[in-house]
2 protein chains.
Amino acid sequence: MVGSMIEARHLRVLRAVVRAGSYSGAARELGCTQPAVSQQMKALEQSVGTPLLVRIGREARPTDAGEALMRHAAGVLAGLAAAEEEVAAIAGLRAGRVRLVSFPSGSSTLVPTAVARLRSGHPGTRVSLVEAEPPRSVEMLRAGEADIALAFRYPGARASANSVTETGTGGTDPETEWSDLAIRPLFTDSLVGLVPEGHRFADAGEVGIAELAGEPWIAGCPRCRGHLVEVCEAAGFTPRIDFATDDYPAVVGLVGAGLGVAVLPAPAVESVRPRGTRTVRVVPEVRREVVALTLPDLERVPAVAAMLDRLAEASAV
Amino acid sequence: MVGSMIEARHLRVLRAVVRAGSYSGAARELGCTQPAVSQQMKALEQSVGTPLLVRIGREARPTDAGEALMRHAAGVLAGLAAAEEEVAAIAGLRAGRVRLVSFPSGSSTLVPTAVARLRSGHPGTRVSLVEAEPPRSVEMLRAGEADIALAFRYPGARASANSVTETGTGGTDPETEWSDLAIRPLFTDSLVGLVPEGHRFADAGEVGIAELAGEPWIAGCPRCRGHLVEVCEAAGFTPRIDFATDDYPAVVGLVGAGLGVAVLPAPAVESVRPRGTRTVRVVPEVRREVVALTLPDLERVPAVAAMLDRLAEASAV
DNA sequence: CCCGACCATAAGACAGCCTTGGCGCTATAG
DNA sequence: CTATAGCGCCAAGGCTGTCTTATGGTCGGG
């Protein structure tokens with residue numbers, strides 16, 4: 001590394017000397033001793049190859065080159081100060097931007113409250129939100145198009161090969177897929193069974209998963225569908241999936257129309273008017289864990305860290 | 001001195017890393033090793049208090065704060081480069097300015113040739129010229145209004161008190177007056193006597209100063225007049241000065257009109273058409289030394305040093 | 001004539017910077 | 001699947017730069 005470059009420190013000293021009119025005054029202004037100023041000035045003059053100050057009697061005035069340097073120093077130091085201020089604002093959460101990508105149903109309640117808290121606590125921050133599901137959201141994370149991805153996983157899920165791949169999720173298990181990401185668990189919610197009114201289990205309160213073996217199924221998003229198949233196969237049967245849509249209100253509508261049964265996250269059901277449907281507990285209980293994903297480095301970015309905290313707060317109802 | 005400021009080196013490293021997309025690439029670009037880049041980046045991130053880069057897989061991309069810093073870095077580094085370039089131009093005599101102040105007759109031949117040589121050798125330099133005599137020119141030098149002052153002195157002159165002060169030079173002897181200045185002798189010229197055609201000494205070739213005791217005198221500038229009085233008193237008489245002007249052509253005109261005799265620098269006489277006058281050598285010979293004065297610090301300013309050299313060259317006919 | 005302000009210099013302590021060498025990780029080619 | 005090359009982190013060592021204290025020299029003012 002070449003050491004003959006002009007450094008900001010040099011310009012600060014030069015400016016102080018010209019302002020103060022003396023080395024001693026500059027030293028007082030800079031909060032250091034006078035020899036330090038002498039040395040800095042000597043180093044600067046040597047690095048540029050020409051004297052920068054002329055001392056006549058008691059006062060020091062800049063030379064031709066000194067004035068040129070001062071002219072530029074003003075702009076350079078101003079730019080540097082502006083940069084420090086802006087970065088400090090970002091570090092201090094008086095500014096900054098967080099780009100959030102969430103799976104559709106997660107953005108209904110969790111995201112709005114978390115965003116609202118962040119914005120009210122740190123008015124300068126900006127939050128953007130797009131909806132996408134894994135693996136697309138993780139892809140965006142890796143591509144630098146988002147800072148935090150909301151996703152969910154099923155605690156017991158295993159990438160037991162064909163049962164997953166044949167259902168079209170087309171990827172690896174979240175546990176291995178996210179191994180290089182920072183995972184922040186937010187909350188877990190139970191999946192509830194949804195059956196039409198008048199269904200034989202409509203008033204049962206709870207139902208074993210295997211008892212629904214012969215029912216037509218309405219499935220959710222690809223990964224939800226994959227997990228459903230997995231759970232059912234663990235219970236000894238393969239579900240007959242008649243419809244698949246990631247639109248939760250549509251699922252509820254389909255069930256309400258008596259076209260089948262479904263297993264959905266409780267918040268998804270609660271956010272939809274349950275026309276003609278009834279919910280039943282499913283045993284054994286199926287749980288879904290909602291997590292926030294981010295890049296490890298991004299965890300240390302103030303705005304991202306703050307957003308993660310707000311998400312965790314909003315999750316701990 | 002506080003060490004938590006952003007330094008130009010940091011920005012150079014950051015820019016290189018962002019441009020190269022990796023620490024190693026930045027190190028190659030900067031001509032140093034990769035750990036050096038790591039350390040600089042770590043120091044910068046610590047000083048600003050927030051990460052500036054996120055590394056995803058193989059490539060590094062700037063964070064929010066990193067982009068903000070990059071935005072400012074562009075301007076800051078450009079300003080710094082411009083400053084270095086401009087100062088280098090001044091140091092390398094591709095630019096720079098010299099402010100010259102000369103006594104009136106000195107600028108007639110010496111200054112034009114010296115300026116012409118400087119400008120032809122270093123086209124970027126600028127020379128400004130004003131005319132003033134000591135002590136005004138020295139005053140301008142000390143006030144920072146000029147870089148080089150041309151002046152002259154009489155080798156034997158002594159500030160022998162009253163003889164000088166009573167003639168109105170109102171100051172001390174040059175030797176002490178200029179004690180804190182850098183003095184560059186340029187050349188010495190002889191003073192010649194100037195008498196009207198038809199004067200009794202017109203064809204004498206040379207004349208003793210005392211032989212002109214009774215003549216009416218035409219004197220030059222105040223300091224010239226002071227020295228004239230000094231020389232005459234040394235010869236045993238006090239000259240009767242009928243006219244005094246620092247305009248050499250006027251002096252020649254007055255002598256040509258038969259109104260008196262004068263003693264003038266040879267170059268001053270030669271530059272004027274000698275209408276109706278004759279020159280005679282004066283014995284003992286009276287010599288005048290022309291010098292360039294500058295502040296000691298300014299001697300090291302390239303443009304000033306170059307101008308002094310050109311003045312010396314032009315003097316060494 | 002002394003005194004105070006200013007600056008240069010020297011010597012020493014200390015921090016920062018850069019380098020070398022070694023290790024783990026990942027991606028790519030054979 | 002292994003070998004290899006690229007990348008980055010870490011630790012240790014040398015080196016330069018920077019600050020400080022202490023001292024002396026110079027200049028201007030009481």
Side-chain angles (χ1 to χ4, degrees), chain A residues 1-14 16-48 51-61 142 172 176-181 295-297 300, chain B residues 1-14 16-47 51-61 142 172 176-182 295-297 300:
Chain A
M1 199 90 79
V2 65
S4 68
M5 293 289 205
I6 294 181
E7 287 300 325
R9 181 176 350 98
H10 295 145
L11 296 186
R12 282 186 253 267
V13 172
L14 174 65
V17 170
V18 171
R19 268 213 295 248
S22 75
Y23 283 19
S24 303
R28 282 188 294 272
E29 180 177 325
L30 294 171
C32 66
T33 60
Q34 166 265 319
V37 175
S38 283
Q39 292 180 22
Q40 288 297 320
M41 286 301 304
K42 184 185 292 183
L44 177 57
E45 292 189 335
Q46 178 180 342
S47 87
V48 300
L52 298 172
L53 289 179
V54 182
R55 277 202 299 277
I56 174 63
R58 187 139 299 201
E59 67 174 340
R61 34 173 77 251
R142 293 187 203 279
T172 56
T176 64
E177 175 75 9
W178 301 342
S179 62
D180 60 339
L181 298 179
L295 300 177
D297 289 343
R300 306 188 53 198
Chain B
M1 198 92 76
V2 63
S4 67
M5 293 291 205
I6 294 180
E7 286 300 324
R9 180 176 351 99
H10 295 146
L11 296 186
R12 282 187 256 265
V13 172
L14 174 65
V17 169
V18 172
R19 268 211 296 248
S22 75
Y23 283 18
S24 303
R28 282 188 294 272
E29 180 176 324
L30 294 171
C32 65
T33 60
Q34 169 268 320
V37 176
S38 283
Q39 289 180 353
Q40 289 296 320
M41 286 301 304
K42 184 183 295 184
L44 178 56
E45 292 188 337
Q46 179 180 341
S47 87
L52 298 173
L53 289 179
V54 289
R55 278 201 300 274
I56 176 62
R58 186 139 300 202
E59 69 175 339
R61 36 174 73 250
R142 293 187 203 280
T172 56
T176 64
E177 177 74 8
W178 299 343
S179 61
D180 59 339
L181 298 179
L295 300 177
D297 289 342
R300 307 187 52 197

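Chain letters run A, B, ... following the sequence lines, proteins first and then strands; every chain starts at 1.
Side-chain nitrogen and oxygen atoms of B:Ser24 include at least one within less than 4.0 Å of the OP1 or OP2 phosphate oxygen of D:dG8. A:Arg28 has a side-chain polar atom (N or O) that falls below the 4.0 Å cut-off from OP1 or OP2 of C:dC6. Between A:Gln39 and the phosphate of D:dG17, there is no side-chain N or O to OP1/OP2 separation shorter than 4.0 Å. For the OP1/OP2 pair of C:dT19 and a distance below 4.0 Å, the side-chain nitrogens and oxygens of B:Thr33 include at least one atom meeting the criterion. The side chain of A:Arg9 contributes an N or O atom lying less than 4.0 Å from OP1 or OP2 of D:dT18. The side chain of B:Lys42 places no N or O atom within less than 4.0 Å of a non-bridging phosphate oxygen (OP1 or OP2) of D:dC9.
Side chains of A:Val13 and A:Leu44 form no contact here, defined as non-hydrogen atoms less than 4.5 Å apart. For the pair B:Leu295 and A:Arg55, the minimum side-chain heavy-atom distance is 4.5 Å or more.
For the pair A:Gln40 CD and D:dT16 P, the interatomic distance rounds to 18 Å; values are reported in whole Å. One can place CG of B:Leu295 at 16 Å from C1' of D:dC27, the figure rounded to the nearest angstrom. Going from atom CE of A:Met41 over to atom C1' of D:dC19 covers 17 Å, rounded to whole Å. Rounding to whole angstrom units, CG of residue B:Asp297 and P of D:dT26 are separated by 16 Å. Atoms CD (A:Glu7) and P (D:dT18) sit 9 Å apart, rounded to a whole Å. One interatomic measurement links the two molecules: CE of A:Met5 to C1' of D:dG17, which rounds to 17 Å at whole-angstrom precision. Between B:Leu30 atom CG and C:dT19 atom C1' there is a gap of 15 Å when expressed in whole angstrom units. Between the C1' atom of C:dC17 and the CG atom of B:Leu44 lies a distance of 15 Å, rounded to the nearest Å.
Ranking C:dC7, D:dC19, C:dA10 by closeness to the A:Pro35 side chain, first place goes to C:dA10. Distances were taken from every side-chain heavy atom of B:Tyr23 (C-beta onward) to each of C:dT19, D:dG8, C:dA10; the shortest belongs to D:dG8. Candidate nucleotides C:dC18, D:dC19, D:dC9 were compared by shortest atom distance to the side chain of B:Arg55, and D:dC9 ranks first. In this structure, the nucleotide among D:dG8, D:dT20, C:dT19 sitting nearest to the side chain of B:Ser22 is D:dG8.
Using a 4.0 Å cut-off between charged side-chain N and carboxylate O, B:Glu29 and B:Arg12 make no salt bridge.
For the pair A:His10 and A:Gln34, both in contact range of DNA chain D, the more 5′-proximal nearest nucleotide belongs to A:His10.
Side chain of A:Gln40 to backbone of A:His10: no donor-acceptor contact under 3.5 angstrom is found. Although no hydrogens or angles enter the test, the distance criterion places no donor-acceptor pair under 3.5 Å between the side chain of A:Gln34 and the main chain of A:Ser24.
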